[in-house]
Asks: 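One structure, as structure tokens, below. Some questions next.
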Amino acid sequence: VSEQIVCLAASFANAQKLPNLASHVLYLSAVSTMHRFAHRDFLRALPMLEALHDRAPRHPDVLAWIARWHVLRVVQGWSENAKFDAGRALSFSDQALSRDDNCALALTVRGSAEIGVLGDVAAARAMYQRALDVNPNESLAWLLKSVADGIAGQPAQAAECAARAALLAPLHPYGFYYDSLRSTAALFAREFDLAAALAERSIRLNCMHGSAYRSLAISLALRGKLYEAESVVAQLLAVEPDCTLDDVRRRYGNLANANSDFIDALRRAGLPESRKTVVFSSIGVTA
């Protein structure tokens, strides 16, 4: 039912001009559209959020989602000016917390900014924990904390947080995103069968989120299924043509150092070292 409501809101947003849309329709459509991870759809989400901000300039949730949009733009590698988007992410998350420093969503988004644009894993974990202290049922905080815990070298805690997120959001409208990040948490715990199963389900639900392909390729390669892993990396490069081992190291920081076999698995599966390497994919050539 929740997915149908979100889809209906998105269809209204596509068919009508933004000023004519009810605020709740704008809200649902913006949040769902930005989490489809298709670049064209992602760009459409910001005007919706800005229209909401014009109507409710002091609402912490709206400010938090605008901050989240800028975080995702940096993390996905879509930003033409990463420094600008990082600054906007931090500024809007600051504004959200200044409106309500006990807003669990604002605290969660600030955590994603800390790790996504500043690379501060400890600060991110602290923010996620503050969000959960305020609202133990904030599923997004549990989900994002699972990744941060894994990067911090706490695999059992990462798996526990991921499981809690899944229990709190069994029918989430973008369940593929939960499956994708839960797959990453399973990798940290060296549960490669589970990581692969979650990644495959995520890709079936939404084939545009690169993280699921990375998790699946790693889990396949480390189980000796190199041919299948190579096929998954080819699919990854069709979705994220600029993805490289350097990019993975940048995104996951300590993960790349503590789990060098993950990087090696992606290397053996054909992920290029850097963008200077010429990569032939199903959508062209990237240099």
Side-chain angles (χ1 to χ4, degrees), residues 2 6 9 22-37 42 45-76 78-79 82-149 151-152 158 161-162 164-169 172-174 177-178 181 251:
S2 60
V6 168
S23 294
H24 71 278
V25 173
L26 271 177
Y27 186 95
L28 290 172
S29 183
V31 175
S32 64
T33 299
M34 69 190 281
H35 284 96
R36 289 177 186 168
F37 291 93
F42 178 80
L46 184 60
M48 299 181 200
L49 291 169
E50 290 174 337
L52 275 174
H53 183 242
D54 289 341
R55 298 180 190 182
R58 297 180 62 83
H59 200 296
D61 283 13
V62 176
L63 292 164
W65 283 123
I66 294 175
R68 179 67 173 158
W69 187 92
H70 287 284
V71 171
L72 289 175
R73 196 180 195 196
V74 172
V75 171
Q76 289 297 118
W78 289 334
S79 178
K83 184 176 180 180
F84 170 81
D85 281 305
R88 297 281 280 181
L90 296 171
S91 174
F92 276 101
S93 63
D94 281 344
Q95 291 177 55
L97 289 171
S98 72
R99 303 294 185 262
D100 182 359
D101 60 3
N102 281 319
C103 174
L105 176 63
L107 289 164
T108 300
V109 170
R110 180 63 191 208
S112 74
E114 292 287 351
I115 194 170
V117 304
L118 297 178
D120 192 334
V121 180
R125 295 176 75 202
M127 282 291 174
Y128 296 145
Q129 189 57 57
R130 280 184 59 190
L132 294 170
D133 289 341
V134 171
N135 180 9
N137 294 323
E138 179 54 71
S139 64
L140 184 60
W142 285 110
L143 183 69
L144 297 180
K145 188 174 184 296
S146 73
V147 177
D149 285 347
I151 292 174
C161 289
R164 186 71 173 270
L167 286 174
L168 288 169
H172 203 284
Y174 40 99
Y177 184 65
Y178 279 64
L181 270 61
R251 291 191 189 197

Asks: Taking side chain to side chain donor-acceptor pair (under 3.5 Å) as the definition, give me every residue that meets it alongside Trp65, ordered by chain and number, with sequence neighbours left out.
Replies: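 Testing Trp65 for side chain to side chain donor-acceptor pair (under 3.5 Å), a comparison that skips the adjacent residues, returns Tyr27.
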Asks: Test: salt bridge (charged side-chain N to carboxylate O under 4.0 Å, His left out). Region: residues 22-35. Which pairs qualify, not counting sequence neighbours?
Replies: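 Those involving residues 22-35 do not exist here.
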Asks: I'd like to check the side-chain contact (heavy atoms from CB on, under 4.5 Å) partners of Ala169; sequence neighbours left out, ordered by chain and number.
Replies: Ser139, His172, Tyr178
Asks: Are Ile115 and Leu144 side-chain neighbours, meaning at least one heavy-atom pair lies under 4.5 Å?
Replies: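 A side-chain contact is absent here, since even the closest heavy-atom pair is not under 4.5 Å.
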Asks: If I take atom NE2 from residue His35 and atom OG1 from residue Thr33, how far apart are they, to the nearest 0.5 angstrom?
Replies: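 Output value for this atom pair is 11.0 Å.
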Asks: Are side-chain heavy atoms of Val109 and Phe92 found at a separation under 4.5 Å?
Replies: no
Asks: Side chains of Asp85 and Trp69: does their closest heavy-atom pair fall under 4.5 Å?
Replies: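 Yes, at least one pair of side-chain atoms sits under 4.5 Å.
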Asks: Would you list the pairs meeting salt bridge (charged side-chain N to carboxylate O under 4.0 Å, His left out) in which at least one residue belongs to residues 58-72, sequence neighbours left out?
Replies: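 Non-adjacent pairs meeting salt bridge (charged side-chain N to carboxylate O under 4.0 Å, His left out): zero.
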Asks: Can you tell if the side chain of Tyr128 reaches within under 4.5 Å of the side chain of Thr108, non-hydrogen atoms only?
Replies: yes
Asks: What residues, two or more places apart in sequence or in another chain, satisfy side chain to side chain donor-acceptor pair (under 3.5 Å) together with Ser93?
Replies: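 In terms of side chain to side chain donor-acceptor pair (under 3.5 Å), with neighbours along the sequence ignored, Ser93 is linked to Arg110.
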Asks: Rounded to the nearest 0.5 Å, what separation is found between the CE atom of Met48 and the CG atom of Leu52?
Replies: 10.0 Å
Asks: Just verifying a value: how many Å separate Leu63 CG and Cys103 SG, rounded to the nearest 0.5 Å?
Replies: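 Going from the CG atom of Leu63 to the SG atom of Cys103 covers 9.5 Å.
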Asks: Less than 4.5 Å apart, any side-chain heavy atom of Leu167 and any of Trp142?
Replies: no
Asks: Start with the C-alpha gap between Arg99 and His59, add the side-chain angles, then the distance that decides, and say whether side chain to side chain contact (heavy atoms under 4.5 Å, CB included) holds.
Replies: CA-CA 7 Å; Arg99 303 294 185 262; His59 200 296; over 6 Å; no
Asks: Indicate yes or no: at least one non-hydrogen side-chain atom of Val74 is less than 4.5 angstrom from one of His70.
Replies: no
Asks: So, taking the atom named CG in Leu72 and the one named CE in Met34, what distance separates them when rounded to the nearest 0.5 Å?
Replies: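 Here the rounded value is 5.0 Å.
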Asks: Calculate, to the nearest 0.5 Å, the distance between atoms NE2 and CD belonging to His53 and Glu50 respectively.
Replies: 9.0 Å
Asks: Which pairs pass salt bridge (charged side-chain N to carboxylate O under 4.0 Å, His left out) with one or both residues in residues 132-141, sequence neighbours excluded?
Replies: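 Checked against salt bridge (charged side-chain N to carboxylate O under 4.0 Å, His left out) - neighbours excluded - no pair reaches residues 132-141.
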Asks: Determine yes or no for a side-chain-to-main-chain donor-acceptor pair under 3.5 angstrom, with Ser29 supplying the side chain and Leu26 the backbone.
Replies: no
